[in-house]
Every structure is written in C-alpha cells, then in structure tokens.
Number of protein chains: 2
Amino acid sequence: MFLFHATKYECPFDCFINMIKGKWRTTIILSLINGPKRFSQLHRLINGISAKVLSDNLQILEENHILTRTVYPAIPPTVEYCLTEQGTEFANIIEDINTWAYHYTKID
Amino acid sequence: MFLFHATKYECPFDCFINMIKGKWRTTIILSLINGPKRFSQLHRLINGISAKVLSDNLQILEENHILTRTVYPAIPPTVEYCLTEQGTEFANIIEDINTWAYHYTKID
DNA sequence: CGGAATCCCCTTTGATACTG
DNA sequence: CAGTATCAAAGGGGATTCCG
C-alpha cells in the first residue's frame, strides 16, 4: 500500500516519526488518554521530565494538532491539555505498538 | 492493557522507541520488506543517507535482532541484510502506522 | 501556576577521506 | 564492494534562573 512496495521509500509517515521521536513524546500522549490534564499534573505524572522539556514538547504536539491547549484566565493561571481526535487515534496506535513490544521483550 | 491506564507511565516499549527513533531507521526497515538486500543496494535505494549513518544504523538494528547480516566471502565482498521474523512484524507495524499517517496528513 | 530564557552536554548526523 | 576513521555541525535534553 502507498509507496512501500515501490522502488524508493520516501516516507509519508515522517510526520509520525517526528511525533513519536524524542524521549518523552509518547509518554506525554499516553498520559492524556484518560482525559485532559493540567501542566503541573503532567509534570508530576511524568517522572523525571523537566518543565522546559515538557513545555517544549507540548508546544510541538499542539502545533501538530495532537493535543489542544486551553487557558482559563484566573489567578493562579490554569492551563489544560487535551488530546484531539487525531491525538486519541495516535494514542491507540502507541498502545498497539506496546502489544508488539511486550512480546518482543519476552523473546529477548 | 499493561501499564497505560495506570497512574504512572513507565513505558515498557522503550525498545520500540529506540528502534524507530532516528531519521533513517524505519526507512531502512521498509526497504528490506521485499527481501534481502546488499549494502550498496540499500545505499542507492535510500536517498540521501551517508555510508556511515547507514552502517551505524544497520549495526544497531542487527544488535536488536531486527535484521541479520550475512557475509559471503568473495572478492569483491558481498554482504546481505535480511529482516528477521521480528523485524518483519516490526515492518508491518510501521506500515499500519503509515495508514494512520496518510489520513493524518490529508487532514492537515 | 505555567511557563520562557539561558547555558551546557550528549547523541546523532553529515562530509570527507581512506582501506581490505 | 562494504565498509571505517575522523571531525564538525545540529538537534534535543537537563539544570538553573527569572517572570506575570
């Protein structure tokens, strides 16, 4: 299907690679599966990530329409991140990958 | 399933991320779907990759049992790369991802 | 609270040259 | 043919500091 059986493999899914790439991206996405969360919630939930890296990655994911960022003007400010429909599909794919990876690690 | 609906998301599929990560890894794997290929074939097939990066990545994929490297002693030397069973499963997953990515890019 | 700015580090990539 | 050696560049990550 698509270009994969052709002679050259110009990958149309570079978008996916860009989205999954990086140490934290998939973890962030999976953390939002059960519903929207705030910045500090994500920060606490994802063990070991720095605020800067979390912020950077959230921006990238927002630009790619994987999640939405909603600001509730208040003091203190509240910002909520939520998966888009596409982001949810994306999360499902990551879970499928996990199924494979689980068996894979069993083999090793 | 697994840990993804738990509170913390320590990813058991880091192995997958490590395998898919990098600019060329998936392209290399897909290039081998239709059967084993030699180093120079891959080099020509994958547009823009340098010999060093191709070599580095092939080694990593071999270490992770995604592909096998077979040397046929001859002059000039011949080396053949071939997906393992696990590597083939991996390639199928990448193709599935592509299906999603294809629709995703259509939306954008 | 939710970041942005800065600086350093490390890994990966890229370009070039060389070899059994 | 199938690489390796070497070095420079680029990108992402980590720690710290500052801000509305």
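Treat the numbers as computed from the prediction; the structure is a model and nothing was measured. In what follows, chains are A, B, ... by sequence order, proteins preceding strands, each numbered from 1.
- Contact annotation for A/Q41: no contact, since no heavy-atom pair falls under 4.0 Å across all strands.
- Applying the side-chain hydrogen bond (donor to acceptor under 3.5 Å, both in side chains) criterion to A/R69, with sequence neighbours excluded, gives A/Y81.
- Whole-Å rounding puts the B/R38 CZ to D/dG3 P distance at 11 Å.
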- Kindly indicate, with the supporting measurements, whether the criterion side-chain contact (heavy atoms from CB on, under 4.5 Å) is fulfilled by B/L30 and B/E95. CA-CA 8 Å; B/L30 290 181; B/E95 288 206 317; 4.0 Å; yes
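- Heavy atoms of A/E80 sit nowhere under 4.0 angstrom from any nucleic acid atom.
- Contact footprint of chain B on DNA chain C: nucleotides with an atom under 4.0 Å from a non-hydrogen protein atom, first to last in 5' to 3' order, C/dT13 to C/dG20.
- B/Y81 comes within contact range of the sugar-phosphate backbone alone, with a heavy-atom separation under 4.0 Å but no base atom that close.
- Considering only heavy atoms from C-beta on, B/I94 comes within 4.5 Å of B/F90 through its side chain.
- A pairwise comparison of heavy atoms in B/E89 and A/W100 identifies OE1-NE1, 3.0 Å as the closest pair.
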- Task: Report, as a single string ordered 5' to 3', how protein heavy atoms within less than 4.0 Å touch nucleotides 13-20 of chain D: B base, S sugar-phosphate only, - not at all.
- Result: BBB----B
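- With sequence neighbours excluded, no residue forms a side-chain hydrogen bond (donor to acceptor under 3.5 Å, both in side chains) with A/R38.
- The CD1 atom of A/I20 sits 11.5 Å away from the NZ atom of B/K21 when rounded to the nearest 0.5 Å.
- Remark: the backbone N or O of A/Y72 is not paired with any side-chain donor or acceptor of A/T78 at under 3.5 angstrom.
- Taking all atoms of both residues into account, the shortest heavy-atom contact from B/I29 to B/G87 is CG2-O, 4.2 Å.
- Pairing each heavy atom of B/S31 with each of B/L45, the nearest pair is CB-CD2, 4.1 Å.
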Solution key, residues 51-62 of chain B side-chain donor-acceptor pairs under 3.5 Å, sequence neighbours excluded:
from, atom 1, to, atom 2, distance (Å)
B/N57, OD1, B/R25, NH1, 2.7
B/N57, ND2, B/V53, O, 2.8

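- Placement of A/V71 and A/L42 within a single hydrophobic cluster is found when ILVMFWY residues are connected by side-chain heavy-atom separations under 4.5 Å, directly or transitively.
- End-to-end axis angle of the helix from C/dC1-D/dG20 to C/dG20-D/dC1, from C1' rotation axes over five pairs per end: 50° (rounded to 10 degrees).
- Considering only side-chain N and O atoms, B/S55 lies under 4.0 angstrom from the phosphate OP1 or OP2 of D/dT4.
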